[in-house]
Amino acid sequence: MNNAKIEIGVHRLKKKLKTTQALNDITLNFDAELIHGLIGPEGAGKTTLFRHLVGLLTPQSGSITYLADNQKTTLDTIRTKIAYMPQHQSLYPDLSIAEHLIFFKEMYNLNQKEFNTKRDRLLEITRLEKFTDRPAGKLSGGMYKKLGLMCALMSSPSALLLDEPTNGVDPISRREFWELIYQLREDHILIIVATAYMDEAERCSKVHLLNAGKLIGSGEPKELLAKNNVKSFEEYFLKHEASVS
């Protein structure tokens, strides 16, 4: 999975969806090779920002810049290097895990040797080796998320965007999914995880806190908490809401 080092910069991004200012003057940077957390409650703007990063939405104003190995590039040039796992995945309920992987092998035009290597590694790190014949529609919530992640990783991306990957799964599956993310970090790829779970913020290398479309904080988790004299990100958000009310 060795690829170009991807970095994404967002500058003064604004987006209005109907009557809602979904993104309001957002400026932040997703540095290469780190696990970034995009943290905020439902309606904060996380998914809207993700959709801009992968070109599904056009900004009202502002810009997004992409760097590959420190050289400015375009989204079209590196689009195949970016994998996006949406919050609501569209897997095929009647296809088994094995059949999904073969489907994505054909989609990405992988040769058999390359496919075998990727398949074996992904099944090992997800611990799904024993369930390859099980249809997606009969997987548990955690296993379904893991299958979605495997499909996203078949393209050997340099950047991985995960929108609410642990939403709605049990605590054990949440922990296992984060173990997967830590293993992927060894491939030196950019990983951006959007989540409403405040405790997951401290698992990231760098966090960007969104609330009602506004960026209310950005930086390393421990430094951000210390700077704002709070002990948790729940307290951080409560303190912010109190300051603007």
Side-chain angles (χ1 to χ4, degrees), residues 1-18 21-38 44-92 100-111 114-115 117-118 122 147-165 181 184-185 187-194 204-206 208 210 213 215 218:
M1 293 190 184
N2 295 323
N3 273 318
K5 295 179 182 179
I6 301 296
E7 183 174 336
I8 305 174
V10 177
H11 181 67
R12 306 206 67 175
L13 197 67
K14 291 185 179 181
K15 183 66 174 183
K16 196 169 188 177
L17 298 175
K18 296 183 179 180
Q21 192 66 48
L23 297 175
N24 193 351
D25 206 28
I26 302 294
T27 296
L28 52 82
N29 201 64
F30 296 111
D31 306 308
E33 302 185 282
L34 296 180
I35 299 175
H36 292 259
L38 197 59
K46 304 185 300 295
T47 296
T48 301
L49 179 55
F50 265 179
R51 288 175 177 171
H52 279 81
L53 297 181
V54 297
L56 296 177
L57 289 176
T58 303
Q60 173 187 346
S61 62
S63 61
I64 302 174
T65 58
Y66 301 87
L67 297 178
D69 290 333
N70 298 315
Q71 299 296 317
K72 192 171 181 179
T73 186
T74 65
L75 176 59
D76 286 341
T77 301
I78 62 168
R79 192 181 298 275
T80 58
K81 301 290 186 181
I82 299 177
Y84 174 42
M85 180 175 152
Q87 181 177 356
H88 302 292
Q89 298 164 269
S90 299
L91 301 178
Y92 299 97
H100 271 92
L101 296 181
I102 292 172
F103 176 84
F104 281 89
K105 166 188 178 289
E106 298 300 322
M107 178 182 291
Y108 296 124
N109 196 28
L110 303 178
N111 64 51
E114 185 180 11
F115 169 70
T117 299
K118 289 183 180 181
L122 290 173
L147 175 56
L149 178 61
M150 283 198 295
C151 293
L153 290 171
M154 289 299 288
S155 65
S156 296
S158 296
L160 178 64
L161 281 57
L162 306 173
D163 193 359
E164 304 273 6
I181 293 173
L184 294 173
R185 180 175 55 182
D187 293 322
H188 304 288
I189 64 176
L190 166 63
I191 302 174
I192 310 174
V193 183
C204 303
S205 310
K206 191 174 181 180
H208 313 278
L210 292 180
L215 183 70
S218 188

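In this text the structure is predicted, and so the values were computed from the model without any measurement.
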Once rounded to the nearest 0.5 Å, what's the spacing between atom [atom1] of [X] and atom [atom2] of [Y]?
X: L160; Y: L153; atom1: CG; atom2: CG; value: 5.5 Å
X: I6; Y: K81; atom1: CD1; atom2: NZ; value: 8.0 Å
X: L67; Y: T73; atom1: CG; atom2: OG1; value: 8.5 Å
X: F30; Y: L53; atom1: CZ; atom2: CG; value: 5.5 Å
X: F104; Y: L122; atom1: CZ; atom2: CG; value: 12.0 Å
X: L13; Y: S61; atom1: CG; atom2: OG; value: 7.5 Å

**Report entry** Pairwise salt bridge (charged side-chain N to carboxylate O under 4.0 Å, His left out) hits with a residue in residues 21-34, at least two apart
**Finding:**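 Listed by first then second residue: K5-E33, R12-D25, D31-K206.
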Heavy-atom closest contact ([X] atom, [Y] atom, distance):
X: H52; Y: I64; value: O-CD1, 3.6 Å
X: C151; Y: L91; value: SG-CD2, 4.3 Å
X: N24; Y: K14; value: OD1-CE, 4.2 Å
X: P157; Y: I82; value: CB-C, 4.5 Å
X: A68; Y: A4; value: CB-CB, 4.3 Å
X: L101; Y: F115; value: O-CE1, 3.4 Å

Requested in this report: Can you establish whether the number of heavy atoms outside N111 located under 6.0 Å from its atom CG is more than 12?
Outcome: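 More than 12 within 6.0 Å, yes.
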Query raised in the report: K15 and side-chain contact (heavy atoms from CB on, under 4.5 Å): which partner among I26, L23, L49?
Result: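 Among the candidates, only L23 passes.
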Query raised in the report: Only one of I192, I181, L184 forms a side-chain contact (heavy atoms from CB on, under 4.5 Å) with L162, so which one is it?
Result: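 With L162 as partner, I192, I181, L184 yield a single side-chain contact (heavy atoms from CB on, under 4.5 Å), made by I181.
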[X] vs [Y] side-chain heavy atoms within contact, under 4.5 Å:
X: V193; Y: P165; result: yes
X: H36; Y: L190; result: yes
X: F50; Y: L38; result: yes
X: T27; Y: V10; result: no
X: M85; Y: D163; result: no
X: Q21; Y: Q60; result: yes
X: L17; Y: T48; result: yes
X: V54; Y: L161; result: yes

Query raised in the report: Would the Y92 and F103 ring centres measure less than 6.0 Å apart?
Result: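 Centroid distance Y92-F103: below 6.0 Å, so yes.
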Requested in this report: Look at the side chain of K46 and the backbone N and O of A194, then say whether any donor-acceptor pair between them is shorter than 3.5 Å.
Outcome: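 Pair absent, no side-chain N/O of K46 close to backbone of A194.
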Report task. Mark yes or no for whether S155, through its side chain, and A152, through its backbone, hold a donor-acceptor pair below 3.5 Å. Result ->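 Yes, S155 side chain to A152 backbone: donor-acceptor pair under 3.5 Å.
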Query - Between H11 and S63: side-chain donor-acceptor atoms closer than 3.5 Å - result: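 No donor-acceptor contact under 3.5 Å links the two side chains.
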